[in-house]
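Reviewing the structure listed below.
Source: prediction; values computed, not measured. In this chain, residues are counted from 1 in sequence order. Only heavy atoms go into these numbers, but all of them, side chains included; no hydrogens, no water, no symmetry mates.
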Amino acid sequence: QVRLVESGGGLVQPGGSLRLSCAASGNFFRIAVMGWYRQAPGKQRELVAAINSGGNTNYADSVKGRFTITRDNVQNMVYLQMNSLKPEDTAVYYCTAEGIATMSGLENNSWGQGTQVTVSS
């Protein structure tokens with residue numbers, strides 16, 4: 001089973017920046033896609049950004065040009081650099097892993113425990 005641990009959340013003023021990190025550990029030899037979702041109070045969880053093992057990325061329209069997702073396949077890390085943050089970016093951010101290849105085959109998708117990002121003056 002893959003364990004995902006996020007870090008880097010916190011309180012930031014509008015226009016500020018934060019960098020989220022997610023470390024994947026466990027008995028696997030490849031993760032096809034890693035990504036970040038977020039969920040604000042009273043709203044559905046939504047995809048923020050995703051990146052596959054080849055470095056191809058996908059972003060929500062609301063974060064394009066402000067957020068950048070990167071990945072370190074050797075260290076099994078994924079990062080989300082968030083710039084020009086807005087109050088509407090306030091949410092719990094979750095790291096995800098999809099297409100997890102193990103010796104037993106493909107595992108179910110994994111989720112981290114979430115990290116709170118609050119954008120407020």
Side-chain angles (χ1 to χ4, degrees):
Q1 186 175 3
V2 173
R3 181 173 182 239
L4 302 174
V5 178
E6 302 104 332
S7 60
L11 173 64
V12 64
Q13 292 187 341
S17 298
L18 280 176
R19 187 189 192 216
L20 304 183
S21 300
C22 174
S25 62
N27 294 320
F28 62 93
F29 57 85
R30 187 178 64 90
I31 298 174
V33 179
M34 298 189 77
W36 293 92
Y37 281 71
R38 68 185 179 187
Q39 187 166 21
K43 294 188 176 181
Q44 288 188 331
R45 192 171 294 189
E46 63 174 357
L47 174 68
V48 177
I51 184 168
N52 66 16
S53 56
N56 297 308
T57 58
N58 181 36
Y59 294 94
D61 288 342
S62 59
V63 307
K64 283 180 181 176
R66 300 188 297 123
F67 291 10
T68 302
I69 188 170
T70 56
R71 177 174 176 172
D72 184 333
N73 291 327
V74 174
Q75 299 293 327
N76 295 313
M77 298 284 296
V78 64
Y79 306 94
L80 186 68
Q81 178 66 43
M82 305 185 293
N83 299 328
S84 303
L85 282 160
K86 305 175 181 180
E88 51 264 42
D89 295 317
T90 296
V92 178
Y93 284 69
Y94 298 90
C95 177
T96 67
E98 302 174 24
I100 303 165
T102 70
M103 293 299 292
S104 302
L106 286 178
E107 283 198 357
N108 292 332
N109 296 346
S110 286
W111 291 82
Q113 81 286 355
T115 185
Q116 177 70 46
V117 171
T118 302
V119 185
S120 175
S121 55

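Judged purely by atom type and a 3.5 angstrom limit, E98 has no side-chain atom pairing as donor or acceptor with the backbone of V33. A side-chain donor-acceptor contact under 3.5 Å links R66 to the backbone of S84. No side-chain donor-acceptor contact under 3.5 Å links D72 to the backbone of N76.
The CE atom of M34 sits 5.5 Å away from the CG atom of L4 when rounded to the nearest 0.5 Å. The line from OG1 of T70 to CG of L80 is 8.5 Å long, rounded to the nearest 0.5 Å.
Considering only heavy atoms from C-beta on, Y59 stays 4.5 Å or farther from V48 through its side chain. Looking at N83 and R19, their side chains never come closer than 4.5 Å, going by heavy atoms from C-beta outward. Looking at T96 and N109, their side chains never come closer than 4.5 Å, going by heavy atoms from C-beta outward. Taking 4.5 Å as the limit, every side-chain heavy atom of V119 sits out of range of all side-chain heavy atoms of Q13. Inter-residue side-chain proximity for L85 and F67 is flagged as met; some heavy-atom pair is nearer than 4.5 Å. Within the 4.5 Å cutoff, side-chain heavy atoms of L47 are placed close to those of N58. Using a 4.5 Å heavy-atom threshold, the side chains of S21 and M77 count as touching.
Pairing each heavy atom of A97 with each of I31, the nearest pair is CB-CG2, 3.8 Å. Nearest heavy-atom pair, A91 versus A40, reported as atom, atom and distance to 0.1 Å: CB-N, 3.8 Å.
Q116 and T118 share a donor-acceptor pair across their side chains, judged by distance under 3.5 Å alone. Q39 and Q44 share no donor-acceptor pair across their side chains, judged by distance under 3.5 Å alone.
For residues 11-106, every residue pair satisfying the disulfide (SG to SG under 2.5 Å) rule, not counting sequence neighbours, is listed here: C22-C95.
Looking at residues two or more places apart in sequence or on another chain, you find a ring-ring contact (aromatic ring centres under 6.0 Å, His included) between Y37 and W111.
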* **Check against side-chain contact (heavy atoms from CB on, under 4.5 Å), L11 and S120** => CA-CA 7 Å; L11 173 64; S120 175; 4.2 Å; yes

* Working for side-chain contact (heavy atoms from CB on, under 4.5 Å), residues V117 and M82 -> CA-CA 10 Å; V117 171; M82 305 185 293; 3.9 Å; yes

* To do: Evaluate the criterion side-chain contact (heavy atoms from CB on, under 4.5 Å) for residue pair W36 and V78; output intermediate values, then yes/no.
  => CA-CA 9 Å; W36 293 92; V78 64; 3.9 Å; yes

* Let me see the working for Y94 and E6 under side-chain contact (heavy atoms from CB on, under 4.5 Å), right down to the final yes or no. => CA-CA 7 Å; Y94 298 90; E6 302 104 332; 4.2 Å; yes

Residues 99-107, side-chain donor-acceptor partners within the protein, below 3.5 Å, at least two apart:
unit_1	atom_1	unit_2	atom_2	d
T102	OG1	S104	N	3.2
T102	OG1	G105	N	3.4
T102	OG1	G105	O	2.8
E107	OE2	Q1	N	3.2

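In this structure, R71 forms no cation-pi arrangement with Y79, as its terminal cationic atom is not both closer than 6.0 Å to the ring centre and no more than 45° off the ring axis.
No salt bridge links D89 with K86; every basic N to acidic carboxylate O contact stays at or beyond 4.0 Å.
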